Amino acid sequence: MDRLKASARLMIVSDLDHTMVDHHDPENISILRFNALWEAHYRLDSLLVFSTGRSPTLYKQLRKEKPMLTPDITIMSVGTEITYGTSMIPDNGWVEFLNQKWDRKIVTEETSKFPELTLQSETEQRPHKVSFYVDKDKAHSVIKALTEIFEKRGLDVKIIYSGGMDLDILAQGAGKGQALAYLHKKFKGEGKLPTNTLVCGDSGNDAELFTIPDVYGVMVSNAQEELLQWYSENAKDNPKIIHASERCAAGIIQAIGHFSLGPSTSPRDGSDFISSKVKSVSAGGEIVKIFLFYERWRRAEIEQSELYLATVKADFDKSGFIVLPSGVEVSLCDAINGMRSSYGDKQGKQFRVWVDRVLPTKISSDTWLVKFNKWELSGEEQQGCVTSCLINMKDGVSGACYMHIHQTWLEGSGGKDDSTWLF
């Protein structure tokens, strides 16, 4: 990754559905806890990798539905596609590697002879992956028969069964684990192998991740039987792999703490805004906490206290101003004063705020330019804006002084109205 000039302190490689994303958590609490932890303590010098069975189409759809961070690297289609950054630039070297001994035409020809197999949607059929649904009680016999057929035809493929219904046929060199091994080799060649790597999963197609040498691993508490069985047969004596007692992203946070990989207390776990501010000495941490206060104020989850507002106002330059996404300019003091009338206006409602891609740049001895995306979820509508903050912050001293904030709507985020968009 060009973003980091040295080895990442931590690289997290996580499956999405039922691992990072809890589809049984309508409030999205666990992923929001992870988001706050990552942006406050890890974004600057670590790498976030999403490794999913989803195709690019379904991956992008999930991003619109859930409060997900932007990863540095995205591994999709069960390890058959690797892309980088926000623009999702494909890794052409990985494509060339997978082209060896792969013939998609033979795969589709032979699988068409099995009535037990039902093709998944067209979006899930990828250049190096053919995907089906199959009943659990028929999966074993189908996999055995296909394996024999492909061997006779001289085709080197990998068959992965997961989720109790999904059957993926991949190029032999593909898979989530192989994709991670490829990335490790690539980073090592650049002299930037991550100091620590934590892999996270819940189903059979994640098993390969746990086989990569020297990685830490967490199976979330809600991991499926197929992965737990694999663990029992292959890795139960490996102290670097744990079965978390927490679900989904909460299990990932638990693993960070268990393996002592870095801070494992999310800013969302604190209840006292004033005391929690004292502990923050990073630009990322300050950004996370100010917007967490904003969310809790509007949800009436903290006391309606003038002391709180005074504490916030003390962190804003009296002559500073904010440019809202609509282009309206408001003084920072007026923006904070305006919060009095918004207290509790989102109480009892699905309203969440999170920040993504918090990247500070030091522009003088005490001054930082911090760029990030700020998101608000209200009901089912997400609004996002690109935000730039100019803040004054002395090294090793807690607290920051906000001098200027500028926001513009993120393209395609749904942002239209900032009449209730306070800052």
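Only a predicted model underlies this, so the values are computations on that prediction, with no experimental measurement involved. Residue numbers start at 1 and run along the sequence shown.
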> Looking at side-chain heavy atoms only, is the closest gap between T197 and Y216 below 4.5 Å?
Replying inline: no
>> So V199 and L180, do their side chains get closer than 4.5 Å, heavy atoms only?
In response: yes
Side chains of [X] and [Y]: is there a donor and an acceptor less than 3.5 Å apart?
X: T19; Y: D202; answer: yes
X: D15; Y: S51; answer: no
X: T86; Y: R357; answer: no

In residues 130-138, what donor-acceptor pairs under 3.5 Å come from side-chain atoms, sequence neighbours left out?
residue, atom, partner, partner atom, Å
S131, OG, K129, NZ, 2.5
S131, OG, D168, OD1, 2.5

Looking only at heavy atoms, which two atoms of [X] and [Y] are closest? And how far apart?
X: I391; Y: A400; value: CD1-CB, 4.3 Å
X: G79; Y: A174; value: O-CB, 3.9 Å
X: T52; Y: R54; value: OG1-N, 3.0 Å

> Does atom CD of E233 have more than 12 heavy-atom neighbours, drawn from other residues, nucleotides or ligands, at distances under 6.0 Å?
Replying inline: yes
>> Does atom NE2 (H23) have a neighbourhood of more than 12 heavy atoms from anything else shown, all under 6.0 Å?
In response: yes
>> To the closest 0.5 Å, what do you measure between NZ (K113) and OG1 (T108)?
In response: 10.5 Å
> How many angstroms lie between atom CG of D22 and atom CG of N222, to the nearest 0.5 angstrom?
Replying inline: 6.5 Å
> Can you list the steps and then say if E295 with E376 is a side chain to side chain contact (heavy atoms under 4.5 Å, CB included)?
Replying inline: CA-CA 9 Å; E295 176 196 294; E376 287 190 9; over 6 Å; no
> Quick one: does S266's side chain have a donor or acceptor within less than 3.5 Å of a partner on A36's backbone?
Replying inline: no
>> Tell me whether the rings of F210 and W230 are parallel (<30°), tilted (30 to 60°) or perpendicular (>60°).
In response: tilted
> Do the numbers put R298 on top of the ring of F351, so that NZ or CZ is under 6.0 Å from the six-membered ring centre and no more than 45° off the axis?
Replying inline: yes
> Below 6.0 angstrom between ring centroids: does that apply to Y294 and W297?
Replying inline: no
